[in-house]
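The block underneath contains the structure these notes are about, expressed in structure tokens.
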Protein chains: 2
Amino acid sequence: MNIKEIARQAQVSVATVSRVLNHPELVQPETRAHILEVMARHNYTPNWFARRLNLARTNTIALLVPNIEGGINQKVVAGVESVATKKGSTVLLCSTHGRPEEEDRLLRMVFDRRVDGVICSSSNLTQARLNECGLGSSAFVLIGQGDGEMTACYINFEGIAYKMTQHLLGLGRRRIDLLLDETGHSRNDPIISGYRRALLDADVQQGHIHMAAGGLRGGYLAARRLFATETLPDAIFAGSDDLAFGVMKAARDDGVDIPARLAVVGFDDSLLCDLVTPELTSIEQPSKRLGMVAARLLFDLIEDAQIAETVPQEVVLQPKLKIRRSCGNKKYIHELFD
Amino acid sequence: MNIKEIARQAQVSVATVSRVLNHPELVQPETRAHILEVMARHNYTPNWFARRLNLARTNTIALLVPNIEGGINQKVVAGVESVATKKGSTVLLCSTHGRPEEEDRLLRMVFDRRVDGVICSSSNLTQARLNECGLGSSAFVLIGQGDGEMTACYINFEGIAYKMTQHLLGLGRRRIDLLLDETGHSRNDPIISGYRRALLDADVQQGHIHMAAGGLRGGYLAARRLFATETLPDAIFAGSDDLAFGVMKAARDDGVDIPARLAVVGFDDSLLCDLVTPELTSIEQPSKRLGMVAARLLFDLIEDAQIAETVPQEVVLQPKLKIRRSCGNKKYIHELFD
DNA sequence: CTGAAAGCGCTTACAG
DNA sequence: CTGAAAGCGCTTACAG
């Protein structure tokens, strides 16, 4: 069923049919009603492609993330999706697996499809690369720290790492080690930098930085290695909750008392932080809000092209310390079940 | 930049340009090379909408899930995405929030966009509703148990609930209670049915079925209520790991020994099952595989319309028991860190 | 308020 | 192997 057929059956021109779709106020109420009736009767829905060939917007945005399985991206996706739905747009979701070539391929692809805009979570995207992909003048929002040339939003890992380190120092811990996921989370760099800055400011000697394979298991193995070969630090600041959980498991196996002998803190404030013993001190990240902010920025760009003309905007979201018991904190601060 | 301009610059007709895009073997190697060169120089990419207006396939599939944030859906999404990418298709992802009206709206919308096919995770979709949305003759795969009229795939919750109950009985537990998430996971019904069947077959009296709010907290509160008001069952079979973790936390607070006095088992085999003490016996679900299977079924339908003519196909995936210590199992069966 | 016509950017029989 | 032309299904000035 197409517009011509509808026009024939309604005994009007295709122009009139098209008008009830696009500018209903321009057509006489009676004819309009009649045409709508014919459309309904035939379950007619205009061909999307033919339509978009003539129209500017596609009501589609693209979202590229390193991988969908990552717990954090998942919340970002949900945040973007919720805003997009409110705006009447749908989301084309793509996984880049963190590979730049794959990012480029997908960027070209979504541009090809004339999406209204693109949100991309990436750690190595520059305006120059964007230009190469033909996205130079499109609405685009980066999730992550860009080169300052792009509209971007990200979580302030540096600042919170500073605060967490400071917190541990405040509890009397001196040698604080960092344990990071070697699968190059883009957050490693800012964490290291915040951590170092805090130690410098407090005039405390820098601790060791350990790299581990990702996840519970990676944290476990790294911690056991550390326990076996080095003098025990006073605290381990892990780059993810999973790593921290692994450290806790290792500590239990090796008889290292947490938090008396060793403080352990994590990074994602996952649900399970409250369950483990002792409860894990961690960092709450506004992941869903990050997605929502990115989407809002994007729709600002889409709806008002002028904004893009101005200096690119950067939105920085602040995470929060969630103090529990694994850091050696004595005061009652946070309890989930009351 | 459009095809006409490329044709002009390459001094050929648009037909020839179009041919190097669609049937390169039909154009002389030299002209082809020349045209490709001109295209590359201008960074030309054909208009997707104009193209799809003439072509049959859009290389896009739609995936509707109740919500993206759910840990299980997330893996399903990843599974679908990985297969789609291999097939050169992209995924239009939509959240239905489990609301039928929203499902209908989105189904119409994606159909509108001429996607090649649709995968929908739903607990109340019928072929009849599909027909109403105009998707009657489209390639469609249901994730969930359908009305037998649709191609579908799902996880056999009934069977695994039977097995888990049987396992608990085998360990000498007699009164086994069920603890379910009241936010109507569609899996509640099959779990109840498998559980009841196992007790019937073993000629053991049915236990109680408790409904709880979702998550850790829901499990915790429900368990504390149970401990305070009823005689303790021998085992609690929780409908999700989070619920089970909540029960474990409650048991610790109330001094109920797990597994000596009370066995607890969960349902998702989340990463943390190995971390808690005692390690949580649970059920491993092939969620990612579910997504992959759904996508494969869909591409079968897309690539060979004949298949749809035959009787609708149903694929049932089998989950696996992950026996650990919280059920009172004595033998060494499973250990993550060795 | 309505219609005839040109145009969006492509693809593909049809002739040569 | 290549080109002129019709057509995909819509939208929107332009006239009336």
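Throughout, a chain's letter reflects where its sequence line sits, starting with A, and its residues are numbered from 1.
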Round to the nearest Å and state the distance from B:K4 atom NZ to D:dA5 atom C1'. 13 Å
From CZ of A:R8 over to C1' of C:dG3, roughly how many Å is that when rounded to an integer? 18 Å
Just wondering, do B:R52 and A:N47 contact through their side chains at under 4.5 Å, heavy atoms? no
Atom CD of residue position A:Q318 - does it have more than 12 heavy atoms of other residues, nucleotides or ligands inside 6.0 Å? yes
Pairs: protein N or O with nucleotides 11-15 of chain C N or O, under 3.5 Å:
unit_1 : atom_1 : unit_2 : atom_2 : d
C:dT11 : OP1    : B:N22  : OD1    : 3.2
C:dT11 : OP1    : B:N22  : ND2    : 2.7
C:dT11 : OP1    : B:R51  : NE     : 2.9
C:dT11 : OP2    : B:S18  : OG     : 2.4
C:dT11 : OP2    : B:N22  : ND2    : 3.2
C:dT11 : O5'    : B:S18  : OG     : 3.4
C:dT11 : O4'    : B:N54  : ND2    : 3.4
C:dT12 : OP2    : B:H23  : NE2    : 3.0
C:dA13 : N6     : B:R19  : NH2    : 3.3

Nearest-Å distance for atom pair CG/C1', residues A:L26 and C:dT2: 11 Å
Test side-chain contact (heavy atoms from CB on, under 4.5 Å) applied to A:I119 and A:V80, A:T151, A:V91, the passing residue: A:V80
Taking the C1' atom in each of C:dT12 and C:dG16, what is the distance between them to the nearest angstrom? 16 Å
Can you list the residues that meet the side-chain hydrogen bond (donor to acceptor under 3.5 Å, both in side chains) rule with A:R99, with sequence neighbours excluded? none
Answer yes or no: is there a side-chain heavy-atom contact under 4.5 Å between B:Q28 and B:H34? no
Please give, in whole Å, the distance from D:dT2 C1' to B:Q28 CD? 10 Å
B:L64 versus B:S122: any side-chain heavy-atom pair under 4.5 Å? no
Evaluate the ring planes of B:F49 and A:F49, with Trp represented by its six-membered ring, and classify them as parallel (under 30°), tilted (30 to 60°) or perpendicular (over 60°). tilted
Considering only atom P, compute the distance from C:dA5 to C:dC1 and round it to an integer number of Å. 24 Å
How close do A:R129 and A:P100 get, heavy atom to heavy atom, and via which atoms? NH2-O, 3.4 Å
Length of the line joining A:L53:CG and C:dC10:P, which is rounded to integer Å: 9 Å
Output the pairing pattern of DNA chain D as a dot-bracket string, 5' first, Watson-Crick or G-U wobble with both distances under 3.5 Å, | for cross-strand pairs, [ ] for crossing pairs. |||.||||||||.|||
Send over the distance from A:E5 CD to D:dC10 P, rounded to a whole Å. 11 Å
Does a nitrogen or oxygen in the side chain of A:T31 sit under 4.0 Å from OP1 or OP2 of C:dC1? no
Intermediate values then yes/no, side chain to side chain donor-acceptor pair (under 3.5 Å), A:R113 and B:T90: CA-CA 11 Å; A:R113 299 194 174 193; B:T90 44; 2.9 Å; yes
May I ask you to verify if any side-chain N or O of A:Y44 is less than 4.0 angstrom from the OP1 or OP2 atom of D:dC10? yes
Without decimals, in angstroms, what is the distance between A:I35 CD1 and C:dC1 C1'? 11 Å
Taken to the nearest whole Å, CZ/B:R52 to C1'/C:dC8 is 17 Å
